[in-house]
Amino acid sequence: MTTKKVTGSQAVILSLLEEGVDTIFGYPGGAIMPVYDALYDFDKNVKHILTRHEQGAVHAAEGYARVTGKAGVCFATSGPGATNLITGIADAMIDSTPLVCITGQVASPLLGTDAFQESDVVGISMPVTKWNYQITTPEEIPEAIAQAFYIAQTGRPGPVLIDITKDAQFGELEFEYKQCTKIRSYVPEMPVDPFKVKEAAEIIDQAKKPLILFGQGVIIGNAEDELKAFIEKTGIPAAWTLLGLSAIPTDHPLNVGMLGMHGNYGPNLLTNEADVIIAVGMRFDDRVTGKVSGYAPNAKIIHLEIDPAEIDKIVKATVAVLGNSKKSLKMLTDNVKENSHDEWIERFRKCDMIENEKIIHKDLYPEKPGLTMGEVIRIAADKTNHEAILVTDVGQHQMIASRYFKFRNSKSNVTSGGLGTMGFGLPASMGAQLGKPERTVIAVIGDGGFQMTIQELGTIAQNKLPVKIIVLNNNFLGMVRQWQQLFFEKRYSFTELQNPDFITIAKGFGIDGHKVEKRDNLDGGIQKMLDHNGPYLLEVVIEKEDNVFPMVPTGASVSEVILEP
Amino acid sequence: MRQEFIITVYSENHIGLLTRITIVFTRRKVNIESLTVSESAIPGVFKFTIVIKATKEQTIKIVSQIEKQIDVLKAFYHTNEEMIYQEIALYKVATESLYENDTIEKIVRNGGARILEITREYTVIEKTGHKEETQALFNELNKFKVMQFIRSGRIAITRDPIERLSEFLKERDAFLNSLD
Ligand SMILES: Cc1ncc(C[n+]2csc(CCOP(=O)(O)OP(=O)(O)O)c2C)c(N)n1
């Protein structure tokens, strides 16, 4: 292999190009200026998106990663630049999103001296990264970056941070790049044990009331077809976690809805009747299980999972099948008998009818004057033929959008699940749009969360990203207000917002938009947004004190799911 | 039931790994009773010996979280009974009190301890044993005033006839090669 002499900062860019990086999100500053200088010569090879805040960069990188399956890349300078990434890194960690974050650091002789803009980024990011590493000499750059991509993208993906001192960026090295294919101390995935698969298959074949719970592991493992084949062969109803959403088409007859606190009535209620639960690429988050001691008391648990640390962490597995879900699902499908569970599925249908009558119909086709989040989502989803990428922020609108959007394609739902990070939506939608330029990206955001990263409208405008932004404005921190109403005797402590004129703000950034306050204008308003060439902000004023139901109250068991207050 | 467990971690020698490992404990509010780090018999591989008081269930989860760290090769947990373990303690007493009567000498001899250094002012005594033993000696010596006392973290070796780590590394290499 030939080598060539380059600077450390050139090596950073060359390494990223070797890894096939086409988009970088970032924000410059003193300690990463050499890298930005090197980037100047490569603007034909790689796109750099200058965000308005480092939090915007990291959430955008997450959005990009979630729709492409590739690591999102972001740059930040030392000190405040790097610490501004932390929320997004923590978000990526808990939602298994591959990221490679590269931060500049003060020159190595200054480390530990409280130099200007020095912060211990490696120390700060340690609990929220899958791996991190500080580079102090130029020679380390190619290998560390190769390892970073390997670690971020394999096994259970996650964020990796590489901190590079300024002298390492300035120094020279003989550049030679080799992709990393193994690390002695790291086994990304265990080979699937055929005996475990047989054991699981026997339990599944015997089951009278089996239920599949699928999570993001299916999407990350590109195991959508394998999941569908497994479901169809066994005839087992399947329910999705918030992050498993879109793995199989929402209207698949065996898809019985969403699990969890604001999930559907049937899957929550019937979890506790199931005799076998087959959990695929999900981690029994407390939002899914409710009170663990009252969770699935009658069920044997079969857990298909890539991360050994998830086995028995919350719920004890009767049989654990370690490994990549694409492989384990395939093997399991080969080993189970064809089957059907019509009576059991009928139970879910009955629950659907109850939920439809009590909640869904009123949400989607309200007769009261005030607009509901549900009808906005229904119209936007219908008009895009359920083929858009949905990006949501955190709160009531997130739950409503996840419940009602309905998907046809995988990797189409981008949301902050595990961390519940307000401010995620807008920047993540930029990343999703850059990752999938050919697709319509709809960002659904609350009036609270919108104001956490609203400055990214500038990035959207500058880069002409045609994101369709729907702000559902209830003049409240809605989800918190709902809890205050239900559990704190309506004591609305600091949840009411006096909002700015969002449309004027958008126009100030050069983004067109308009505000809808009446049902008569809703359909046309959404159409106008979708027809608009370029980014667009649609503000919809909705009923101030609507609630999201069903709900599994905190501390209750999933079968205690309630349909109304 | 909470009891003592000895966790042994084998890792690559990477800066920062100690923090990554201790974070696993602090995040779960489990106190580390003692911690010893040294190079193992295999060059480049480091060994952590960590003593905690926890339930077995907690310990299993902690071990799998530690093993999940990229630079960790392998982590094991054991009960005290499954391991041979020792701690070392040093005691400094005034040499004067040694001369005043011969009790100290007797304590040292009978307690399986030894004298490391004697100067005009002080004498340093060393004892290896379990915590209860080194503590018992402290209590005895303290009758004559111990000026300084220090006890090391625990070091431990399995009662297993096979050297787990080398077996493990062989398997791991074979496994990684099989992936190519
Ligand atoms: C960064 C951050 N701070 C606080 C919270 C707590 N929180 C969860 S939902 C919510 C209200 C969100 O309000 P809004 O964005 O208006 O959306 P809505 O619930 O009204 O749809 C808050 C404050 C959070 N999830 N993230």
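Lettering of chains follows the sequences in order, A, B, ..., and the numbering in each one begins at 1. Keep in mind that what you see is a predicted model, and the values were worked out from it rather than measured.
- Contacts of Arg172(B) with chain A are made by side-chain atoms alone, with heavy-atom separations under 4.5 Å and no backbone atom involved.
- Both the backbone and the side chain of Ile70(B) come within contact range of chain A, with heavy atoms under 4.5 Å apart.
- Considering every non-hydrogen atom in both Glu189(A) and Phe175(B), the closest pair reads O-CZ, 4.1 Å.
- Pairing each heavy atom of Leu176(B) with each of Tyr186(A), the nearest pair is CD2-O, 4.4 Å.
- Within the 4.5 angstrom heavy-atom criterion, no atom of Ile60(B) approaches chain A.
- In this structure, Lys127(B) places its NZ atom where more than 12 heavy-atom neighbours from other residues, nucleotides or ligands lie under 6.0 Å away.
- Applying the 6.0 Å contact sphere to CD1 of Ile155(B) captures no more than 12 heavy atoms from other residues, nucleotides or ligands.
- Counting non-hydrogen atoms of other residues, nucleotides and ligands closer than 6.0 Å to CD of Glu39(B) gives a total above 12.
- Here NE2 of His14(B) is found 7.0 Å from OH of Tyr133(A). Values are rounded to the nearest 0.5 Å.
- Between Val187(A) and Glu67(B) the shortest side-chain heavy-atom distance does not fall below 4.5 Å.
- Note that CD of Gln69(B) and NZ of Lys130(A) are 11.0 Å apart. Values are rounded to the nearest 0.5 Å.
- Taking 4.5 Å as the limit, every side-chain heavy atom of Ser185(A) sits out of range of all side-chain heavy atoms of Val72(B).
- Environment of CD in Gln3(B): crowded, with over 12 heavy atoms of neighbouring residues, nucleotides or ligands closer than 6.0 Å.
- Remark: Ile15(B) CD1 is loosely packed, at most 12 non-hydrogen atoms of other residues, nucleotides or ligands lying under 6.0 Å away.
- Under a cut-off of 6.0 angstrom, the local environment of NZ in Lys70(A) is crowded, with over 12 non-hydrogen atoms contributed by other residues, nucleotides or ligands.
- A donor-acceptor pair under 3.5 Å is absent between the side-chain atoms of Arg184(A) and the main chain of Leu73(B), judged by distance alone.
- Listed for the Lys68(B) side chain is no donor-acceptor partner under 3.5 Å among the backbone atoms of Ala309(A).
- The candidate from Val122(A), Asp312(A), Asn132(A) with the greatest count of non-hydrogen atom pairs under 4.5 Å with chain B is Asn132(A).
- For Ile157(B), the CD1 atom sits in a loose shell: 12 or fewer heavy atoms of surrounding residues, nucleotides or ligands are nearer than 6.0 Å.
- The structure places CD1 of Ile311(A) at 12.0 Å from NZ of Lys61(B), a figure rounded to the nearest 0.5 Å.
- Taking a 6.0 Å sphere around CZ of Arg159(B), one finds it holds more than 12 heavy atoms contributed by other residues, nucleotides or ligands.
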